[in-house]
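Sequence lines set the chain letters: A, B, ... in the order given, protein chains first and strands last, and positions in each chain run from 1.
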Amino acid sequence: MQVKIATWNVNSLKVRLPQVLDWLAANAPDVLCLQETKLTDDNFPAADIEAVGYRVVFAGEKTYNGVAVIARHPLADIVTDPPGLDDGQRRVLAVTSGHLRILNLYVVNGQEVGSDKYAWKLEWLSRISRYIKSQLKEHDHLVVLGDFNIAPDDRDVHDPEAWHERILCSTPERQALGALLDLGLVDTFRLFEQEEKSFSWWDYRAAAFRRNLGLRIDLILASRSLAAGCTSCRIDKKPRRLERPSDHAPVIAEFAV
DNA sequence: ATGGTGGCGCGGCCA
């Protein structure tokens, strides 16, 4: 059986709901994980999503952060506050859907290398890695996906010199991501031949999208046994071309399970 | 070094 799973930082689900509904209809994923919904749970548009044949779980807060998982099939074993994370924010949503354990993440941005938020990002990554390690022990078929706010290497950066040791690209951030991969995860995007300068995020400023000045920071990581059955991973730039787009594009992977 | 844009929410923070 083929499973299609996607991740998309929507930068406000209130604004992007019509685009999300259109995207679901056009792409028919089994699972779509969202980040930066920026909605409290009482304002979440669950009925609109259920009306198009999906189920949804969500963990939100006012103004910032917020994650959701939209899926064809029932969602079980929902975790929003992994043991030891204790971040007081809504950045994590773990669910089980069919054969897959899914961990949807909105990783701390970090603002600037050396800042307090940067130190917190590294601490947050260290904490979530403990949860991922325990999830890998429990689940053969684990997907860890979302907005990692880290470009894994220089291929994922439009101008590696300009971004050298800057936020989203610094060595400690990349090492933290590397430590996650070393637990037994694979960056599925790199299992396949990809166009050079493939990115998933472009700053709203300076016409960055038109000039393809982007980074690849939205990732779909899979446990090794699941990655062995990965048949594709690609970035869908179409929604980034729409009026009033998110600054991120969706990433989609397919797995034989 | 700064500013460029967008979302939230109505001033400033965050990305």
Would you measure the distance from the [atom1] atom in [N] across to the matching atom in [M] and give it in whole Å?
| N | M | atom1 | answer |
| --- | --- | --- | --- |
| dG6(B) | dT2(B) | P | 22 Å |
| dG3(B) | dG12(B) | P | 16 Å |
| dG11(B) | dA1(B) | P | 32 Å |
| dA15(B) | dG9(B) | P | 15 Å |

Item to complete: Look at the side chain of Ser12(A) and the backbone N and O of Lys38(A), then say whether any donor-acceptor pair between them is shorter than 3.5 Å.
Response: no
Among residues at least two apart in sequence or on other chains, which ones pass side-chain hydrogen bond (donor to acceptor under 3.5 Å, both in side chains) with [X]?
| X | value |
| --- | --- |
| Asn212(A) | Trp202(A) |
| Asp48(A) | none |
| His158(A) | Trp163(A) |

Item to complete: For Tyr106(A), report the nucleic acid contact type (base, sugar-phosphate, nothing); a contact means any heavy atom under 4.0 Å.
Response: sugar-phosphate
Whole-Å gap separating [atom2] ([N]) and [atom1] ([X]):
| X | N | atom1 | atom2 | value |
| --- | --- | --- | --- | --- |
| Phe148(A) | dA15(B) | CZ | P | 17 Å |
| Glu112(A) | dT2(B) | CD | P | 11 Å |
| Leu213(A) | dG3(B) | CG | C1' | 15 Å |

Fellow cluster residues of [X], listed by chain then number, with links counted only when side-chain atoms sit under 4.5 Å apart:
| X | result |
| --- | --- |
| Val67(A) | Met1(A), Val3(A), Ile5(A), Val31(A), Val57(A), Val69(A), Leu75(A), Ile78(A), Leu93(A), Val95(A), Leu100(A), Ile102(A), Tyr106(A), Val143(A), Leu145(A), Phe189(A), Ile220(A), Leu226(A), Ile235(A), Val251(A), Phe255(A), Val257(A) |
| Val15(A) | none |
| Val186(A) | Leu191(A), Phe192(A) |
| Leu21(A) | Trp8(A), Val10(A), Leu13(A), Leu17(A), Val20(A), Trp23(A), Leu24(A), Leu32(A), Leu34(A), Leu39(A), Phe44(A), Ile49(A), Val52(A), Tyr54(A), Val56(A), Phe58(A), Ile70(A), Ile252(A) |

Response to the item:
Note: contacts of residues 116-123 of chain A with DNA chain B (heavy atom, under 4.0 Å) are Lys117(A)
Which protein N or O atoms sit under 3.5 Å from an N or O of nucleotides 5-8 of chain B?
residue	atom	partner	partner atom	Å
dG7(B)	OP1	Arg16(A)	NH1	3.1
dG7(B)	OP1	Arg16(A)	NH2	3.4
dG7(B)	O3'	Ser12(A)	OG	3.3
dC8(B)	OP1	Ser12(A)	OG	2.5

Worksheet item: Is the CG atom of Asp116(A) crowded by more than 12 outside heavy atoms at less than 6.0 Å?
Response: no
